[in-house]
Amino acid sequence: MHLSDPALIDAPSVLAWYDRHARDLPWRVAPAARAKGEHPDPYRVWLSEVMLQQTTVATVRSYFVRFTSLWPTVFDLAAAPLDSVLKEWAGLGYYARARNLHACAQAVVNEHAGQFPQTSAGLQTLPGIGAYTSAAIAAICFDEQVAVLDGNLDRVLARYYALDVPVREAKEELRAALQASVPQRAGDFAQAMMDLGATICAPRAAACMLCPIQPGCIATRQGEPTLYPIKPAKAERPVRKGHAFVMLDAAGDVYLQSRPTKGLLGGMTEVPGSDWAAELVEVTYPMDGEWQHRGQVVHIFTHFRLELEVWSAAVEPDALEGGWWAEPAALKGEALPTLFRKVLAAAGLE
DNA sequence: AATTCGGGGCA
DNA sequence: TGCCCAGAATT
């Protein structure tokens with residue numbers, strides 16, 4: 001046990017702060033409107049929560065507007081081809097989310113008559129909806145009195161309780177402590193606590209003088225809240241190296257292909273390339289041609305650093321199979337992750 | 001319980 | 001540069 005008799009969070013103070021300082025977000029119903037009985041659209045809340053998994057509000061905003069413009073309801077999204085969803089998701093990262101998003105939309109339409117389940121337990125049975133997202137949707141849309149614990153809350157609670165171990169080792173204790181504090185206005189409370197973490201109890205700086213729960217915060221009382229949360233030792237990031245091949249036909253079109261549906265950048269579009277390994281393999285061109293070295297692209301993934309040598313050549317297209325030729329002007333609409341947009345840029349395209 | 005999944009913003 | 005972000009699925 002790392003928390004002995006954890007003090008409750010003063011929910012009324014948190015809600016009073018939220019009533020005055022709630023951020024204006026495209027998927028949010030403001031607390032005043034919520035008090036008048038206006039309910040958030042579960043489809044929009046779900047879509048926003050999936051996009052926000054490990055992704056900042058600033059990045060999500062434009063994607064959210066685009067998605068809801070193209071697909072205003074869960075029926076529209078479920079009816080859309082997966083390809084078009086992947087194309088619109090391109091650049092947002094964690095592409096398994098896009099596949100699960102589409103699968104979830106179809107499950108809601110086909111197995112739940114287009115209505116999202118109204119409990120966290122029911123929501124969590126759907127693809128791409130885990131402990132956090134199920135609780136968030138249930139609280140925000142249906143005011144289920146459930147603890148909504150995200151990365152912001154990890155930090156806020158670690159400071160509030162001066163947690164002396166990494167959060168991972170006390171996750172369920174923090175959840176129980178938060179659960180005990182959840183008020184009737186569960187949705188507003190959840191969003192308030194996340195806003196508080198994002199704007200006041202920030203990672204590098206804590207504006208404790210503005211914080212509605214400062215009176216109960218142990219880390220503040222100790223004097224240095226940013227000492228928490230305690231960080232686990234970090235593993236170093238390995239390097240992988242490889243080659244990428246940009247092939248152009250006589251018309252100047254580019255050869256593209258699809259990646260396998262599972263694993264890194266699953267189902268997304270790429271240009272052909274070598275395997276990626278710790279040591280750079282000798283280059284083996286996929287076709288005959290006047291190959292030119294166009295430089296190196298460096299791309300940082302969560303768990304490794306990738307260095308790709310970019311080659312380009314004009315080729316005879318006949319012998320290629322499995323992919324397709326794309327006009328340079330049409331590259332913007334392809335399901336190209338950022339890595340391969342960098343590769344194409346290095347070859348003089350995009 | 002630990003690892004595998006992207007990418008951008010910020011100090 | 002390193003850290004963090006409204007985490008989930010897989011192993």
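All values reported here derive from a predicted model rather than from experimental measurement. Chain letters run A, B, ... following the sequence lines, proteins first and then strands; every chain starts at 1.
Within the nucleic acid shown, A:Gly197 has no heavy atom closer than 4.0 Å to any nucleic acid atom. As judged by a 4.0 angstrom heavy-atom cut-off over every strand, A:Ile137 is placed among residues making no nucleic acid contact. At a threshold of 4.0 angstrom between heavy atoms, the contacts of A:Thr55 include nucleobase atoms, whether or not backbone atoms are also involved. Nucleic acid contact class of A:Thr133 (heavy atoms, under 4.0 Å, all strands): sugar-phosphate only. If you check every strand for non-hydrogen atoms under 4.0 Å, A:Trp27 touches a base. Across all strands shown, A:Ala131 has heavy atoms under 4.0 Å from sugar-phosphate atoms exclusively, and none from any base. Residue contacts for A:Arg23: at a heavy-atom cut-off of 4.0 Å it reaches a base atom on one of the strands shown. Using a 4.0 Å heavy-atom criterion, one finds that A:Arg237 contacts no nucleic acid atom at all.
At a cut-off of 3.5 angstrom, counting only N and O atoms as typed in the model, there is a donor on one side and an acceptor on the other between the side-chain of A:Thr302 and the base of B:dG6.
Taking a cutoff of 4.0 Å between a charged side-chain nitrogen and a carboxylate oxygen, A:Asp195 and A:Arg28 qualify as a salt bridge. Ion pairing between A:Asp150 and A:Arg155 fails under the 4.0 Å rule for side-chain N and carboxylate O.
Stacking of the aromatic ring of A:Tyr95 onto the base of B:dC5 is not found under the criterion of centres within 5.5 Å and planes under 30°.
What separates CG of A:Leu52 from C1' of B:dG7 is a distance of 14 Å, to the nearest Å. A straight line from CZ of A:Arg341 to C1' of B:dG8 spans 15 Å, rounded to a whole angstrom. Atoms CZ (A:Arg305) and P (B:dG7) sit 16 Å apart, rounded to a whole Å. Atom C1' of nucleotide B:dG6 and atom CZ of A:Arg259 are separated by 12 Å, given to the nearest angstrom. B:dT4 atom P lies 16 Å from atom CD of A:Gln54, rounded to whole Å. In this structure, NZ of A:Lys342 is placed 8 Å from P of B:dG7, rounded to the nearest angstrom. Protein atom CG of A:Leu92 is 12 Å distant from nucleotide atom P of B:dG9, rounded to whole Å. Put simply, CG on A:Leu306 is 11 Å from P on B:dG7, counting in whole angstrom units.
Between B:dT3 and A:His303, no contact under 4.0 Å exists linking OP1 or OP2 to a side-chain N or O.
When side chains are defined from C-beta on, A:Phe245 counts as touching A:Val283, because their heavy atoms get closer than 4.5 Å. At a threshold of 4.5 Å between non-hydrogen side-chain atoms, the residues A:Thr269 and A:Gln257 do not count as touching.
When each of A:Ile140 and A:Lys234 is assigned the nucleotide of DNA chain C bearing its nearest heavy atom, the one mapping closer to the 5' terminus is A:Lys234. Heavy-atom nearest nucleotides on DNA chain B were determined for A:Arg168 and for A:Ala58, and the one closer to the 5' end corresponds to A:Arg168. In this structure, A:Arg204 and A:Tyr94 both approach DNA chain B, and ranking their closest nucleotides by distance from the 5' end singles out A:Tyr94.
The ring of A:Phe301 has its center closer than 6.0 angstrom to the ring center of A:His299. A centroid separation of 6.0 Å or more is found between the aromatic rings of A:Trp324 and A:Tyr255.
For the residue pair A:Leu163 and A:Ile230, the shortest heavy atom distance occurs at O-CG1, 3.6 Å.
Going from the P atom of B:dC5 to that of C:dC4 covers 22 Å, rounded to whole Å. Taking atom P in both B:dG8 and C:dA8, one finds a spacing of 22 Å when rounded to whole Å.
Aromatic ring pairs are classed by plane angle as parallel below 30°, tilted from 30° to 60° and perpendicular above 60°; the pair A:Phe67 and A:Trp89 is perpendicular.
Where DNA chain C meets chain A (any atom under 4.0 Å from a heavy atom), the bounding nucleotides read 5' to 3' are C:dG2 to C:dA9.
In this structure, A:Arg240 satisfies the cation-pi test against A:Phe304, with its NZ or CZ atom closer than 6.0 Å to the six-membered ring centre and inside 45 degrees of the ring normal.
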